[in-house]
Amino acid sequence: MSNFLYYLAAFALILGVLIVVHEYGHYLLARWVGVKVLRFSVGFGRALWSKRIGRDGTEWALGIFPLGGYVKMLDEREGDVAPEELHRSFNRQSVGRRMAIVAAGPAANLLLAIVVYWGLFWHGIEELKPILGTPVAASPAAASGMQSGERVLKVGGDVVQTWQDMHWVLIRHAVDQDSIEFEVINPHNEITIRHLDVSSVRAGGWEGDALARLGISFYRPKIPAVLGKISPDSAAAAAGLQVGDEILVIDDKPISTWPDVVQNVRNSPGKTLDFEVVRQGERFVFEITPLPVEEGGQKIGRIGASVKDTGAARSEMMITVRYGVISALGKAINETWDKSVFSLVMIGKMITGEVSWRNISGPVTIADYAGQSAKLGMSYYLKFLALVSISLAVLNLLPIPILDGGHLLYYVVEIIKRGPLSERSMEVGQQIGLALMLMLMAFAFYNDINRLISG
């Protein structure tokens, strides 16, 4: 239950920040050009809380249904407007001003992503080095000749510094290529070129974990199975394990590294295991039952113990990426631009059928990723916030009525025909847009439920 509440809180915080930033963009532009704002609402439906603030008496409200928000402006089409305030009505503004107000929401989300990335790149981010593990047998990675311990220097000619960089650049290049060139260096400082065939992933519509389907795995250093910390009131503490114990055998299975321990424990929720350990030269056997916990829709086991950190493994696996203040800003803008364009490309490929619609995620999956990123640390959580902010901006700019992009489309048509669309045309457009959004939400919820069932 505590895990569920943690994930829910992580998701609620991200959702709240993104909604407030988006709607505040609309609000600020409206106020800046002189439009009167009647209500600023986070959430839809009946107000759980509201308060009037400011000279105009703008109502700030929190709606009962939290998946969205809106800014209600003075508008003759939605009610009577006093003659002295007609100039402050939204519908009386020029097309350019109305377009600016509508575009300000998505622009605010993109600006948020830039600011977050800027802060992270300037402060420095500790991430995994792009070191390859043993490729899965008979996989494209194995066929390319990739070997355990090789560090990736370039993907498709682009320099990569981290595992996440490698993942992102690989997907970006693989959208329209069947073979990607990897430049790698092995532990003996020998540089080699590997050609990775990604056609199988492209043919599958990019459904699922692309790296796993290609057979690419992360390098796992040989960390001795020595306990470094034991949580009070945990299964490990109750059984009698102590800091410094080295685990040799679990249920007659020899243990050589810490990942062996993790795998055995995770795969045995609620099952009693025999742990054979060595302590100050003596051997002991303890019976331990891993506590079943929910993670990613699956039950896994945990005993409440962690490995002894000597620092060597961390320095071997991690790298801190840091830029100067100006370079960090440029990197942040490029990162936001690349991900925005890539999102549009993937949406286009979904429409043409080149990318599976199963890649669409709904609130359940987003909440799961929010919780997982929060557990990994603040930098991961902030990067996820920036990514979702970009996705929200791109989605809202799509030319679908009821979205900001749909309104912008109306205004473009108004400029071309030198007059506003008829009320009937806009009404039909809203109905079509609502139907499309409901269909999209249905896909997203279906995918969420399917992921939960399949694990």
Side-chain angles (χ1 to χ4, degrees), residues 15 18-30 32-33 35 37 40-42 44 67-73 75 77-78 90-91 93-114 333 336-352 355 357 359-363 366 386-417 419-444:
L15 187 65
L18 295 184
I19 292 172
V20 169
V21 167
H22 182 93
E23 300 306 332
Y24 202 64
H26 292 311
Y27 172 84
L28 281 180
L29 249 294
W32 188 60
V33 301
V35 174
V37 178
F40 184 109
S41 178
V42 176
F44 301 105
L67 296 179
Y70 63 93
V71 171
K72 183 178 180 181
M73 290 167 267
D75 196 311
R77 296 167 299 182
E78 298 181 8
F90 178 78
N91 64 291
Q93 306 304 309
S94 67
V95 177
R97 285 189 172 187
R98 280 179 277 148
M99 292 182 76
I101 292 171
V102 170
N109 284 124
L110 293 175
L111 182 59
L112 172 64
I114 291 173
I333 293 172
T336 303
W337 173 257
D338 285 348
K339 285 183 167 54
S340 300
V341 172
F342 182 75
S343 297
L344 284 173
V345 170
M346 294 300 280
I347 290 171
K349 290 186 177 294
M350 283 185 190
I351 294 173
T352 60
V355 171
W357 285 84
N359 288 289
I360 296 176
S361 297
I366 295 172
L387 181 61
V388 179
S389 191
I390 292 170
S391 299
L392 179 62
V394 171
L395 176 65
N396 266 281
L397 286 173
L398 294 179
I400 299 174
I402 83 167
L403 295 179
D404 294 332
H407 290 289
L408 292 174
L409 179 62
Y410 288 156
Y411 301 145
V412 170
V413 174
E414 182 177 338
I415 292 172
I416 294 172
K417 69 187 292 286
L421 288 170
S422 67
E423 292 286 338
R424 178 58 182 164
S425 297
M426 294 183 69
E427 183 181 336
V428 171
Q430 295 294 92
Q431 291 172 351
I432 294 173
L434 181 60
L436 288 173
M437 290 307 297
L438 288 174
M439 184 173 67
L440 188 63
M441 289 178 65
F443 267 116

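Just so it is clear, the values below take in all heavy atoms, side chains as well, and ignore hydrogens, waters and symmetry mates.
- Side chains of Lys349 and Val345 form a contact here, defined as non-hydrogen atoms less than 4.5 Å apart.
- Using bins of under 30°, 30° to 60° and over 60° for the plane-to-plane angle, the ring pair Tyr70/Phe44 lands in the parallel bin.
- Nearest approach of Tyr411 to Val102, heavy atoms of both residues: CE1-CG2, 3.8 Å.
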Sequence neighbours left out, cut at 3.5 Å: what donor-acceptor pairs do the side chains of residues 394-404 make with other protein atoms?
from, atom 1, to, atom 2, distance (Å)
Asn396, ND2, Leu392, O, 3.0
Asp404, OD2, His22, NE2, 3.0
Asp404, OD2, His26, NE2, 3.4

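- When the shell of 6.0 Å around NZ of Lys72 is examined, it contains 12 or fewer heavy atoms from other residues, nucleotides or ligands.
- Taking all atoms of both residues into account, the shortest heavy-atom contact from Gly25 to Ala104 is O-CB, 3.2 Å.
- A distance of 13.5 Å separates OH in Tyr410 from CZ in Arg98, rounded to the nearest 0.5 Å.
- The one candidate from Ile114, Asp338, Leu110 that meets the side chain to side chain contact (heavy atoms under 4.5 Å, CB included) condition with Ile333 is Ile114.
- For Ser340 against Ile390, the heavy-atom pair with the smallest separation is OG-CG2, 3.4 Å.
- Looking at every heavy atom in both residues, Val33 comes nearest to Arg97 through O-NH1, 3.2 Å.
- Atom OG1 of Thr336 is separated from atom CG of Asn109 by 11.0 Å, given to the nearest 0.5 angstrom.
- Atoms CD1 and CE, from Ile101 and Met73 in turn, are 5.5 Å apart once rounded to the nearest 0.5 Å.
- Side chain of Arg77 to backbone of Asn91: no donor-acceptor contact under 3.5 angstrom is found.
- Taken from CD in Gln430 to CE in Met437, the straight-line distance is 12.0 Å, to the nearest 0.5 Å.
- Taking CG from Leu29 and CE from Met99, the interatomic distance works out to 12.5 Å, rounded to the nearest 0.5 Å.
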Could you go step by step and tell me if Leu438 and Leu434 meet the side-chain contact (heavy atoms from CB on, under 4.5 Å) rule?
CA-CA 6 Å; Leu438 288 174; Leu434 181 60; 4.1 Å; yes
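- When all heavy atoms of Ala386 and Ala113 are compared, the closest pair comes out as O-CB, 3.7 Å.
- Within the 4.5 Å cutoff, no side-chain heavy atoms of Leu440 are placed close to those of Leu436.
- The closest side-chain heavy-atom distance from Leu387 to Lys339 is below 4.5 Å.
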